[in-house]
Novice: 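First the structure, which I've put down as structure tokens, then a few questions once you've had a look.
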Number of protein chains: 2
Amino acid sequence: MFTLAEENYLKAIFHLEMESEGEVSTNAIAESMDTKPSSVTDMVQKLAEKKLLTYKRYKGVQLTAEGKKVAVNVIRKHRLWEVFLVEKLNFQWDEVHEIAEQLEHIQSEELITRLDKFLGSPDFDPHGDPIPDKHGVLKRTEKKLLSELKKNQSGICVSVKESNGEFLQYLNKKKIAIGVKIYVLGKEFFDGSMVIRVGGEQFFISHKIAENLYVQTQK
Amino acid sequence: MFTLAEENYLKAIFHLEMESEGEVSTNAIAESMDTKPSSVTDMVQKLAEKKLLTYKRYKGVQLTAEGKKVAVNVIRKHRLWEVFLVEKLNFQWDEVHEIAEQLEHIQSEELITRLDKFLGSPDFDPHGDPIPDKHGVLKRTEKKLLSELKKNQSGICVSVKESNGEFLQYLNKKKIAIGVKIYVLGKEFFDGSMVIRVGGEQFFISHKIAENLYVQTQK
DNA sequence: TTTTATTTTTAGTCCTGTCTAAATATAAAG
DNA sequence: CTTTATATTTAGACAGGACTAAAAATAAAA
């Protein structure tokens, strides 16, 4: 269908479009793909020929609906494979990216349909990023502080606000890591402290902790 | 490490070396890979440069130890992925080859180590072909008629001797298919009939049936 | 609004892997 | 032991993707 290089360009451009609205510049693409601007121009012209994006000289590019479809599908595959690697093969969440970069280019609709089912149709990958469904629909998500969640809401840990050794050690001890799902079981009004569940364990955390942890939630 | 094309050539040459002893001819490679002899000559010269095979003009090629190692590793990956596709994703054994052709080129030692473990270190793929271990050691196997097995031996169904509709229907009814493991639980001397186990079921089969079914066994 | 700096594009080259057409070896047949 | 057929190799070309160096636009500064 599409070559490996084409898929990688479309994916990179898609990510850049997410980060900032409007056209994506040649230089931005080159930097994000660790390649030269002249190579980008070449490829971008080919992709424009194929109607996967619109291109105006010196103005940058924008994906067409078709181009987006291809990009999102690659991202879907990438994230599903990451779930497989972590959930089934017990990789750490930070070890899987390179392998998923390869697996995302395997061509077979049926394979992905079955893999998705095998994994229980997950909504998020191990980094907390949402997995598009087979029609390319990306669940809209929002990054908030854990402290902003209400009782009975949940989110996936995606990053920390201020990082310091002791805090990271605390997280480690409590088995809180990127990609881990956190359920808010209860919340006290007067001090903002929470009771949360992480994996099988449930425990108490202070407002100070909850205020230093970013989670991704469905909108 | 090696390119996709290089891996495919080494794999094809390895299979040809298995089929017939001695050097492998340019034309044989071209035919098996559905490419032109001139392309084969080009690639073969590059592989000789890299010491993956020995090449004498007009005489054909032979893999070196290093070349064999690479080829066997690709075959190991191919067969492990086939097991995954059939056992975990519920593909039929005859639907998996194309997908495994792609998956076999994914580069990651660790991935294969873990995949192997996840699958329970299988000895055979769904077609009944043996899976090399991580050191490249291929279990020596032998293809025999089921009727040649003794009590308490087992084999993997790999093909039928004479095919006819009724026989295939019988096999279907009894859930005997390519890749299925058959255990011989008992054997009668006077008529050669057997009691076998296939999956959870155990039942009786006549000598006529046992004589028409090829199984792969460890040597 | 010139001048300068930055971004982007073009032109030409290279490498991989393939092909066709032509040349050369080897094998088979007379 | 020539002639003919077949197998193999070389030479030259091409497509995909990338690069360098130089030219052309655009943006920023004076």
Side-chain angles (χ1 to χ4, degrees), chain A residues 1-14 16-17 19-63 67 70-71 74 101-102 104-105 107, chain B residues 1-14 16-17 19-63 67 70-71 74 101-102 104-105 107:
Chain A
M1 205 56 169
F2 299 99
T3 69
L4 198 142
E6 286 170 340
E7 289 192 345
N8 282 333
Y9 271 95
L10 293 171
K11 186 180 52 149
I13 294 167
F14 181 86
L16 291 168
E17 282 189 353
E19 283 168 23
S20 57
E21 292 303 307
E23 284 84 9
V24 176
S25 79
T26 301
N27 261 12
I29 299 170
E31 193 178 348
S32 91
M33 296 193 65
D34 197 32
T35 184
K36 302 292 171 190
S38 55
S39 308
V40 173
T41 302
D42 283 353
M43 178 56 92
V44 141
Q45 288 172 345
K46 285 176 202 161
L47 293 173
E49 281 289 309
K50 297 189 178 185
K51 312 273 188 210
L52 294 165
L53 48 78
T54 58
Y55 165 64
K56 275 160 281 167
R57 270 161 54 263
Y58 294 99
K59 290 294 180 186
V61 303
Q62 235 172 342
L63 293 181
V70 175
V74 173
E101 286 284 299
Q102 298 180 60
E104 74 189 7
H105 301 292
Q107 307 279 9
Chain B
M1 206 56 169
F2 298 100
T3 68
L4 197 141
E6 286 171 341
E7 289 192 344
N8 282 333
Y9 271 95
L10 293 171
K11 185 180 54 147
I13 294 167
F14 181 86
L16 291 167
E17 281 189 355
E19 283 169 22
S20 57
E21 292 303 307
E23 285 84 9
V24 175
S25 79
T26 301
N27 260 14
I29 299 170
E31 193 179 346
S32 91
M33 297 193 64
D34 197 31
T35 183
K36 301 293 170 191
S38 56
S39 308
V40 173
T41 301
D42 283 352
M43 178 56 92
V44 140
Q45 288 172 346
K46 285 176 203 160
L47 294 173
E49 280 290 308
K50 297 189 179 185
K51 311 274 188 209
L52 294 166
L53 48 78
T54 59
Y55 166 65
K56 276 159 284 171
R57 268 159 58 263
Y58 294 100
K59 289 295 180 185
V61 303
Q62 237 173 340
L63 294 180
V70 175
V74 173
E101 287 284 299
Q102 298 180 60
E104 74 189 6
H105 301 292
Q107 306 281 9

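What you are looking at is a predicted structure, and each value in this text was computed from that prediction instead of being measured. We name chains A, B, ... by the order of the sequence lines, and we start the count at 1 in each one.
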Novice: Quick one: CD on A:Glu104 to CG on A:Leu4, what's the gap to the nearest 0.5 Å?
Specialist: 8.0 Å
Novice: Which nucleotide sits closest to the side chain of B:Thr35: C:dT9, D:dT10, C:dT18?
Specialist: C:dT18
Novice: I'd like to know if B:Ser38 reaches the base of D:dT8 with its side chain, counting only an N/O donor and acceptor under 3.5 Å.
Specialist: no
Novice: Going from OG1 on B:Thr3 to NE2 on B:His105, what distance comes out if it is rounded to the nearest 0.5 angstrom?
Specialist: 9.5 Å
Novice: Quick one: label A:Gln45 by what it contacts on the DNA or RNA (base, sugar-phosphate, nothing), any heavy atom closer than 4.0 Å.
Specialist: sugar-phosphate
Novice: For residues B:Asn27 and B:Pro37, report the shortest heavy-atom separation together with the two atoms involved.
Specialist: OD1-CG, 3.3 Å
Novice: Between A:Ala71 and A:Phe14, which heavy-atom pair has the shortest distance, and what is it?
Specialist: CB-CB, 3.7 Å
Novice: Looking only at the side chain of A:Thr41 (C-beta and beyond, no hydrogens), which of the listed nucleotides D:dA18, C:dT9, C:dG17 gets closest?
Specialist: C:dT9
Novice: Would you mind telling me which of D:dC19, C:dT8, D:dT8 lies closest to the side-chain atoms of B:Thr26?
Specialist: D:dT8
Novice: I'd like to check B:Phe2 versus B:Leu47 (side-chain heavy atoms, cut-off strictly below 4.5 Å). Are they in contact?
Specialist: no
Novice: Ignoring the backbone of B:Lys59, work out which of C:dT16, C:dT8, C:dA27 is nearest its side chain.
Specialist: C:dA27
Novice: At under 4.0 Å between heavy atoms, what does B:Ser39 touch on the DNA or RNA strands: base, sugar-phosphate, or nothing?
Specialist: base
Novice: Can you tell me which nucleotide in C:dT18, D:dG17, C:dT9 comes closest to the side chain of A:Lys46?
Specialist: D:dG17
Novice: Would you say B:Thr3 reaches C:dT16's phosphate, i.e. side-chain N/O to OP1/OP2 under 4.0 Å?
Specialist: no
Novice: B:Asp34 CG to C:dC19 C1': how many Å, rounded?
Specialist: 13 Å
Novice: Please determine, for the side chain of B:Arg57, which listed nucleotide (D:dA18, C:dT10, D:dT10) has the closest atom?
Specialist: D:dT10
Novice: Give the minimum heavy-atom separation between B:Tyr55 and B:Ala48, together with the two atoms involved.
Specialist: CB-CB, 3.9 Å
Novice: Can you find a donor-acceptor N/O pair under 3.5 angstrom joining the side chain of B:Tyr58 to the base of D:dT9?
Specialist: no
Novice: Please tell me which of A:Glu6 and B:Lys56 maps to the more 5' nucleotide of DNA chain D, matching each residue to the nucleotide holding its nearest heavy atom.
Specialist: B:Lys56
Novice: In whole Å, I'd like the distance from the CG atom of A:Asp42 to the P atom of C:dT9.
Specialist: 10 Å
Novice: From CD of A:Glu23 over to P of D:dA27, roughly how many Å is that when rounded to an integer?
Specialist: 12 Å
Novice: Can you identify which nucleotide, out of D:dA18, D:dT8, C:dT9, has its nearest atom closest to the B:Ser25 side chain?
Specialist: D:dT8
Novice: Whole-Å distance between D:dT10 C1' and B:Met43 CE?
Specialist: 17 Å
Novice: Hey, does the side chain of A:Tyr55 come within less than 4.0 Å of C:dT9's phosphate (OP1/OP2), counting only N and O?
Specialist: yes
Novice: Starting at atom NZ of B:Lys36, determine the distance to atom P of C:dA22, rounded to an integer number of angstrom.
Specialist: 16 Å
Novice: Whole angstrom is fine here: how far is it from CD1 in B:Ile29 over to P in C:dT18?
Specialist: 13 Å
Novice: Find the distance A:Leu47:CG to D:dA18:P and express it as a whole number of Å.
Specialist: 11 Å
Novice: Counting just side-chain N and O atoms, does B:Asn27 come under 4.0 Å of either OP1 or OP2 of D:dT6?
Specialist: no
Novice: Atom CG of A:Leu4 to atom C1' of D:dA15: distance rounded to whole Å?
Specialist: 16 Å
